[in-house]
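If you read the sequence from its start, that first residue is 1, and numbering goes on from there. Given the structure is predicted, the values throughout are model-derived calculations rather than measurements.
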Amino acid sequence: MKQEMKHSPIPYAKQSINDEDIAAVVDVLKSPYLTTGPKVKEFENAVAKKVGAAFGVAVSSGTAGLHAAMAVAGIKPGDEVLVSTMSFLASSNCVLYMGAKPVFVDSLPKGFNLDPADAAKKITSKTKALVAVDFAGEPADWDALLALARKHKLVVIEDAAHALGAVYRSKPVGSFADMTVFSFHPVKHITTGEGGLVTTNNEIFAKQLRKFRHHGIDVDVVARDAQKTWKYDMVELGYNLRLSDIQCALGISQLKRLDLFLSRRDEIVVGYDKFFGSLPFVDLPPRPSTGTGSRHAWHLYILSLRLDKLTASRDEIFSFMREAGIGVHVHYKPIHLHPYYSQQGYKKGDCPQAELIHERMLTVPLYADLTDFELARVETAFQDCFKRFGIKK
Ligand SMILES: *Cc1c(COP(=O)(O)O)cnc(C)c1O
């Protein structure tokens with residue numbers, strides 16, 4: 001049994017569920033409300049408070065949150081929206097949902113986050129919004145991005161699916177963009193199974209987000225008249241993007257351990273930095289400089305392979321590590337290179353920096369429940385890998 005455990009593969013990410021989480025879910029199952037009940041508001045308030053936002057709107061996924069944010073930003077066919085190409089597809093699919101056009105922004109020359117200078121170059125009279133991801137949990141260059149957005153009157157949507165708990169220059173992620181979208185997929189910092197939440201300081205946006213997640217029905221009226229009338233009015237086309245009380249109860253319970261999760265991630269990163277920092281075969285992940293008041297939330301730990309010092313490509317190293325039972329991964333292929341996007345005219349060369357770094361990127365396992373023993377297994381496997389593929393001087 002021990003032996004079997006030792007050889008079970010280590011994933012790149014994993015949820016952390018305890019008995020309290022389970023009890024919280026069971027409590028809801030025994031209560032009158034499985035959905036649209038009190039746990040939704042409680043979860044929304046808890047997340048909003050945690051990230052210093054005035055309002056929180058829970059939705060069925062991070063993708064649903066991005067979709068709702070696009071709708072509330074008023075994005076229409078003919079509009080252009082700037083999007084980090086180095087991100088998960090959901091960051092730009094939400095633009096396509098509105099019939100609008102994503103305009104992909106390249107990565108920084110040194111880093112994974114989007115380059116504000118490239119964003120500035122790509123603004124036209126049709127540009128209406130910006131979707132910027134805090135990549136891997138590292139806050140983007142928000143001073144530059146917000147200044148750019150104010151100048152050109154763009155709605156700023158922060159894709160913070162990687163960045164719950166991150167801080168940008170002393171301001172928590174979730175407290176400063178027009179709308180910030182979090183995801184509670186099991187690979188993220190906290191989970192509700194599937195789930196997401198949009199934070200905003202704009203009361204009108206909050207109301208519109210609630211309407212959009214509930215079929216386009218004016219929910220304020222529903223709430224006010226709930227006791228007196230059957231009437232409700234659908235005023236625009238919306239969807240059912242609600243998050244259930246079952247999921248919100250799990251989220252409330254998980255959120256209580258967010259700080260613990262973040263500090264364990266920090267600890268693992270210290271270990272990885274020490275190990276990988278001593279090797280000539282990789283560059284360490286980018287991060288905010290110390291003393292800036294920023295905090296990396298370390299959703300992902302992504303190495304940049306020094307391909308000039310290796311006899312293997314990233315994909316060969318990926319296969320070697322997977323063979324060794326280490327769940328390395330690649331985040332991400334730049335969005336504009338996916339076939340669906342190629343068919344719409346996006347092509348190689350559109351974002352050269354992102355394309356270049358993509359070839360070198362390798363995500364290493366990182367999650368709160370990763371044990372020191374597993375960490376050592378990851379490091380041993382990498383030692384074997386570099387023994388095999390590293391070029392000796
Ligand atoms: C996970 C993720 C999303 C989508 O979140 P879901 O909850 O899975 O819909 C969006 N953007 C980024 C960058 C993500 O990592």
W142 and E158: CA distance, side-chain angles, deciding distance, side chain to side chain donor-acceptor pair (under 3.5 Å) verdict: CA-CA 10 Å; W142 285 106; E158 183 168 8; 3.2 Å; yes
Measure up the [X] and [Y] rings against each other and bin them: parallel (under 30°), tilted (30 to 60°), perpendicular (over 60°).
X    : Y    : value
H299 : H189 : tilted
F176 : Y168 : tilted
F104 : H336 : tilted
Y332 : F135 : perpendicular

Do [X] and [Y] have side-chain atoms, one donor and one acceptor, less than 3.5 Å apart?
X    : Y    : value
S253 : D21  : yes
T191 : Q254 : no
Y239 : S60  : no

Salt bridge E42-K49, side-chain N to carboxylate O under 4.0 Å: no
Contact list for residues 261-275, test side-chain hydrogen bond (donor to acceptor under 3.5 Å, both in side chains), sequence neighbours left out: R264-E267, R264-D372, D266-R295, D273-R287, D273-Y301
Pairs meeting criterion side-chain hydrogen bond (donor to acceptor under 3.5 Å, both in side chains) with involvement of residues 97-111, two or more places apart: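 Applying side-chain hydrogen bond (donor to acceptor under 3.5 Å, both in side chains) to every pair that reaches into residues 97-111, excluding sequence neighbours, yields nothing.
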[X]: hydrophobic cluster co-members (side-chain, 4.5 Å):
X    : value
V167 : none
L34  : I17, I22, V25, V26, V28, L29, I246, L250
L337 : none

NZ (K122) with more than 12 external heavy atoms under 6.0 Å: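 Atom NZ in K122 is packed in, count exceeds 12.
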Residues that S313 engages under side chain to side chain donor-acceptor pair (under 3.5 Å), provided they are two or more places apart: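 With neighbours one apart ignored, the set is E316.
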